[in-house]
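Indexing begins at 1, ligand by ligand and atom by atom, following the structure's order.
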Amino acid sequence: MSGKQTQRSREVGRELKLLHFIYGQQNLDTIQNNPQKVLNLIDEFSETYHLMTVGPEKGEIVLDLITERKPQIMIELGCYVGYSAILFGDAVRRAGGKKYYSLELNPEYAAIANMLVDLAGLRDFVRILVGRSDVLLDRLHSGGDVKEVELLFIDHYKPAYTIDLKLCEQLGLIVPGVSVIAADNVIYPGNPPYLEYVRSSVEKKRAEAAKGPAKSYTMEGFAATTVQAYMGSENVPKFEILGNPSLVYESVLRQPEGHADAIEVTRCVGEQ
Ligand SMILES: C[S@@+](CC[C@H](N)C(=O)[O-])C[C@H]1O[C@@H](n2cnc3c(N)ncnc32)[C@H](O)[C@@H]1O
């Protein structure tokens, strides 16, 4: 989401309109294989229509992490129309990486994203997987595609942030000295349970884990609209998830100047 909170249209079907806007450009051949030009067009469209994209300002924070971390594989939860997949996928490829996995629940968004990823010339690099993030994370792990999280961008169903991170922990994907997690929208609309978890002490997390596995998403601290978005309040995690409370995190808020929202950057630094 852009930092500018102007009145932009939220009309249903605007994501498909975006595809027509981009593929209707006169100079399509100069846009082909040029990720930045595709991103510029998405940004231009989002001046009129509300899009849930991370945007250039917050995107810069994750680009810095890619430059620093140089992941072979990067994963994102929540693809939408592919803005972050194009922005970060291009950067991971330029940093010498092998693959960018983008997990998306909505097949229509995934189809639109695939068209834009293709136009940007990232078809062989960015792999968009359709389904629930927890099921897909488990599949990436059990299939041997992902052995550890190097860089994870979380930007999907807000109440699922904590549980999906705990699932990664439980699968042994979060590795001290290796794993970095960037979580979007932690101020707007906000994610108090996630911030509390990644900033908690091992002792506090152990005490919480002693109560048993989470059987539902934490809805506390979220607006009703956030709870209802995408998954709906009736939805439950597919697995019994305890996480690994022994992992030690260092977590900081990164907020672009003048921006209403921020990204929480969390590094796994040890295991106690
Ligand atoms: C904020 S948008 C992602 C924006 C995108 N990362 C970007 O910056 O361009 C959130 C997306 O997450 C998807 N989503 C919601 N819940 C999900 C889940 N449990 N698993 C996978 N995707 C999910 C939604 O369909 C939506 O497309």
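Inclusion of V54 in the set of residues having an N or O under 3.5 Å from an N or O of ligand 1 is warranted.
Shown in contact with R132 at under 4.0 Å from a heavy atom are these atoms of ligand 1, numbered in order with element: 20 (N). Near L103, meaning under 4.0 Å from any of its heavy atoms, are these atoms of ligand 1: 21 (C), 22 (N). Of all the atoms in ligand 1, the ones that sit under 4.0 Å from a non-hydrogen atom of G131 are 20 (N), 21 (C). Residue G78 has at least one heavy-atom neighbour below 4.0 Å for each of these atoms of ligand 1: 3 (C), 5 (C), 6 (N), 11 (C), 12 (O).
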_Could you go through Q25 and I31, starting from their C-alpha distance and side-chain angles, then the distance that decides it, and tell me whether this counts as side chain to side chain contact (heavy atoms under 4.5 Å, CB included)?_
CA-CA 9 Å; Q25 294 290 313; I31 296 160; 3.6 Å; yes
*asked:* Test side-chain hydrogen bond (donor to acceptor under 3.5 Å, both in side chains) on E271 and S246; report intermediate values, then the result.
replied: CA-CA 5 Å; E271 186 161 7; S246 303; 4.9 Å; no
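E150 contributes a side-chain N or O that, together with a main-chain N or O of I73, makes up a donor-acceptor pair within less than 3.5 Å. The closest donor-acceptor contact from the side chain of Y100 to the backbone of I86 lies at 3.5 Å or more, if one exists at all.
Residue contacts with ligand 1 for C79 involve N, CA, C or O but no side-chain atom from C-beta outward (heavy atoms, distance under 4.0 Å). Contact annotation for Y230 and ligand 1: only side-chain heavy atoms (C-beta onward) come within less than 4.0 Å of the ligand. If you look at Y109 next to ligand 1, the close heavy atoms, those under 4.0 Å, all belong to the side chain.
Salt-bridge check for R267 with E68: passed, with a basic side-chain N closer than 4.0 Å to an acidic carboxylate O. Ion pairing of D124 with R127 is absent here, as no side-chain N (NZ or NE/NH1/NH2) approaches a carboxylate O to less than 4.0 Å.
In this structure the side chain of Y217 reaches within 4.5 angstrom of the side chain of Y157, judged on heavy atoms.
One option in E104, H156, E76 has a heavy atom closer to atom 26 (C) of ligand 1 than any other, and that option is E104. Of all the listed residues (D184, L105, L77, V130), L105 holds the heavy atom that lies closest to atom 23 (C) of ligand 1.
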